[in-house]
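Report on the following structure.
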Amino acid sequence: MTLTLLAYTLMTDPTPLEASAAGRSPSTGTVYLIVTNTGQRAAFWHSIQVQVPLGDGAGHLTPDFKKIKPRGEYGARSGAQSPVNVKPQGSDAFQATAPGGGRARLDPGDHIVLTLENVTVAAAAGVAVLRVTENSSSTQAGGLSNRYAAVPLVKTAPKEIPAPRDFRPDDAMVNAGSNIVLRWEGYDDFDYKILFPGGQATVPQGVRSWSPAAADAPKRATTYTLLATSRTTPKQEHFLTTTVEVRDPILDTLTVTTGVNTPWVQGTANATGGRVTFTDTGVQISASSGAQGSVTADKAEFNGVRTEWVQGRNSDDGWISFPKEGLNVRRGSGQDWGTVFADKADLNGVNTRWVQGRTAADGWISFPTSGLQVSRGGTDTPTQGYVYAESICAKDAPYGQGGGWINLHDQGMTVYLSKNGSNELGSVTASSFNR
């Protein structure tokens, strides 16, 4: 057998190739045949044929020749590269041919890489030998002849399928309700599920990423679990977890047993709504504008209240203000004096301009500078009214406008006739007199 002019080296990815196992996804790999000129002179090649041993035995490379994808590339010592034509030759070989169908020069240090991709590895472990037929010449004009080489590769027994790994989110910190993407690395020999609070999702075969539906997007810190179940090894399961943190989380409920430390609290219905701020002196209620806000409640119990004013629920309700002098009762939406309604008032003193019964027809009492005036009801103009009493004790008792009057003094009683304010004595008229 004539020795080849060129040298042949075989490499695989992965190294070594792993034999396929029954019940698993087929083991696949790539075979690289590196052709080099290690001599001192140029060699001229016409074709290089690589025969692949077919079958599932220990000495076979693959049971499926048609799935292999061949390609070739020439590399000069200078660094220049160019493609090499590689095609199937029969049912079990591939052949690389020189450009133009002639012969190509391969100088010392030049190389050719013949690549066989997507090789389904045979089921039995062992050594598979690729047989090379080199059609070449040592000179440009010399005759071509076939030269042969055998190049072995190793197939190891299948190992246990590695567990999936590197389960992680694209973004570890997101806003509440934002879309997330979880990714991992693993083999198709597993069925994958994502477990999350309140549900789970099955991942389609061949997919290594997952995103929740919009309704399930995380609203608070959420832990996701990747469950990988082997389809070939019974009860073989792997669990991986990852957590996505959420800015400004939304909680359904919150129970705290030792206290909450926070500068402020705000509602979730409206991001610009009112808030409660905890200051050094107490609590501050703010509206969306930042100004002081309102507290709405059914009942409030305090040991004391400090406030500028108090008003009913509606803007036209009466209101009470608290000046330094005491208490002002006002009408709604204005500064006019209002009315106090009560069953009883217990006071040390009352300063008022007038007092009237409950209706406009009732009599009323005013307090001029000179004393007390009783007026009839039903009119805004003072019209003298009556005083009803069992007895009257007074120093001077005027009867009425234009009438006589009685002076009560230490010695008794004097009746005067009212004549333009004169002190002329008057008369006493009565139907009876009891002494």
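Note that these values count all heavy atoms, side chains included, but never hydrogens, waters or copies made by symmetry.
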Query - Rounded distance [0.5 Å steps], NZ in Lys155 versus OG1 in Thr62 - result: 9.5 Å
Report summary line: Minimal heavy-atom distance between Ala128 and Pro53, with the atoms involved, is CB-CG, 4.2 Å
Query - Separation of Asp110 CG from Thr38 OG1 (nearest 0.5 Å) - result: 12.0 Å
Requested in this report: For atom CG of Asp248, decide whether the heavy atoms of other residues, nucleotides or ligands shown that lie under 6.0 angstrom number more than 12.
Outcome: no
Requested in this report: Could you walk me through whether Ile285 and Val283 pass the side-chain contact (heavy atoms from CB on, under 4.5 Å) test, one step at a time?
Outcome: CA-CA 7 Å; Ile285 310 297; Val283 176; 4.0 Å; yes
**Report entry** Pro158 to Ala19 - nearest heavy-atom pair and separation
**Finding:** CB-O, 3.4 Å
Query - Lys/Arg N to Asp/Glu carboxylate O, Lys193 vs Asp191, below 4.0 Å - result: no
Report summary line: Between Asp56 and Pro63, the two heavy atoms sitting closest are OD1-CG, 3.5 Å
Query raised in the report: Taking the side chain from Glu73 and the backbone from Gln81, do they hold a donor-acceptor pair closer than 3.5 Å?
Result: no
Query raised in the report: Roughly how far, to the nearest 0.5 Å, is the CD atom of Glu245 from the CE atom of Met173?
Result: 5.5 Å
Report task. Given side-chain contact (heavy atoms from CB on, under 4.5 Å), test Asn328 with Trp319 step by step and report yes or no. Result -> CA-CA 8 Å; Asn328 286 338; Trp319 54 285; over 6 Å; no
Report task. Test salt bridge (Lys or Arg N to Asp or Glu O under 4.0 Å) on Lys66 and Asp64 and set out the steps. Result -> CA-CA 6 Å; Lys66 292 182 179 180; Asp64 199 338; over 6 Å; no
Query raised in the report: When rounded to the nearest 0.5 angstrom, what is the spacing between CZ in Phe367 and CZ in Arg353?
Result: 12.0 Å
For residues 112-124, run the donor-acceptor check on the side chains, cut-off 3.5 Å, and write out each pair with its distance to 0.1 Å, sequence neighbours left out.
{"unit_1": "Glu117", "atom_1": "OE2", "unit_2": "Arg71", "atom_2": "NE", "d": "3.4"}
{"unit_1": "Glu117", "atom_1": "OE2", "unit_2": "Arg71", "atom_2": "NH2", "d": "3.3"}
{"unit_1": "Asn118", "atom_1": "ND2", "unit_2": "Lys67", "atom_2": "O", "d": "3.2"}

Query raised in the report: Is it true that a side-chain atom of Lys219 and a backbone atom of Val246 form a donor plus acceptor pair closer than 3.5 Å?
Result: no
Query raised in the report: Can you find a pair of side-chain heavy atoms, one from Val203 and one from Trp184, that are under 4.5 Å apart?
Result: yes
Query raised in the report: Does Arg331 reach the main-chain N or O of Gly318 with its side chain, forming a donor-acceptor pair under 3.5 Å?
Result: no
Query - Ring geometry between Tyr224 and Phe196 (parallel below 30°, tilted from 30 to 60°, perpendicular above 60°) - result: tilted
Query raised in the report: Within a strict 4.5 Å, meaning less than it, do heavy atoms of the Val265 and Phe278 side chains meet?
Result: yes
Query raised in the report: Say you draw a straight line from CG of Leu10 to CG of Leu153; how long is it, rounded to the nearest 0.5 Å?
Result: 5.0 Å
Query raised in the report: Please walk me through it: do Leu106 and Leu6 pass side-chain contact (heavy atoms from CB on, under 4.5 Å)?
Result: CA-CA 9 Å; Leu106 200 67; Leu6 305 175; 3.5 Å; yes
Query raised in the report: Would you call Ile48 and Val132 a side-chain contact if the rule is heavy atoms closer than 4.5 Å?
Result: yes
Requested in this report: Determine whether the aromatic ring centres of Phe94 and Phe65 lie less than 6.0 Å apart.
Outcome: yes
Query raised in the report: Any side-chain heavy-atom pair from Arg77 and Asp107 closer than 4.5 angstrom?
Result: no
Report task. Would you check if Thr156 and Val154 make a side-chain contact, meaning some heavy-atom pair closer than 4.5 Å? Result -> yes
Query raised in the report: Do you know which two heavy atoms are closest between Arg208 and Gly206, and how far apart they sit?
Result: NH1-C, 3.4 Å
Query - Arg358 atom CZ: more than 12 heavy-atom contacts under 6.0 Å - result: no
Query raised in the report: If you count the non-hydrogen atoms of other residues, nucleotides and ligands that lie under 6.0 Å from CZ in Arg220, is the total more than 12?
Result: yes
**Report entry** Side-chain donor-acceptor pair present, Asp317, Gln311, cut-off under 3.5 Å
**Finding:** no
Query raised in the report: Is the CZ atom of Arg168 crowded by more than 12 outside heavy atoms at less than 6.0 Å?
Result: yes
Query raised in the report: Please, which pairs that meet side chain to side chain donor-acceptor pair (under 3.5 Å) have at least one residue in residues 361-370, sequence neighbours excluded?
Result: Thr359-Asp362
Query - Trace of the side-chain contact (heavy atoms from CB on, under 4.5 Å) decision for Leu54 with Val52 - result: CA-CA 6 Å; Leu54 301 181; Val52 178; 4.1 Å; yes
Report task. Decide yes or no for Glu237 and Phe190: does some side-chain heavy atom of the first lie under 4.5 Å from some side-chain heavy atom of the second? Result -> no
Query - Separation of Thr242 OG1 from Leu226 CG (nearest 0.5 Å) - result: 10.0 Å
Requested in this report: Would you name the heavy atoms of Pro197 and Thr222 that are closest together and state the gap between them?
Outcome: CD-CG2, 3.6 Å
**Report entry** Whether Arg231 side chain and Asp188 backbone form a donor-acceptor pair below 3.5 Å
**Finding:** yes
Requested in this report: Quick one: closest heavy-atom pair of Gly55 and His60, and the distance?
Outcome: O-CB, 3.2 Å
Query raised in the report: If we only count heavy atoms from C-beta on, is the Asn85 to Thr97 side-chain gap below 4.5 Å?
Result: yes
Query raised in the report: Do Thr225 and Thr241 meet the criterion of a side-chain donor-acceptor pair at a distance under 3.5 Å?
Result: no
Query - Phe322 vs Leu327 side-chain heavy atoms within contact, under 4.5 Å - result: yes
Query raised in the report: Taking the six-membered ring for Trp, are Tyr192 and Trp210 ring centroids under 6.0 Å apart?
Result: no
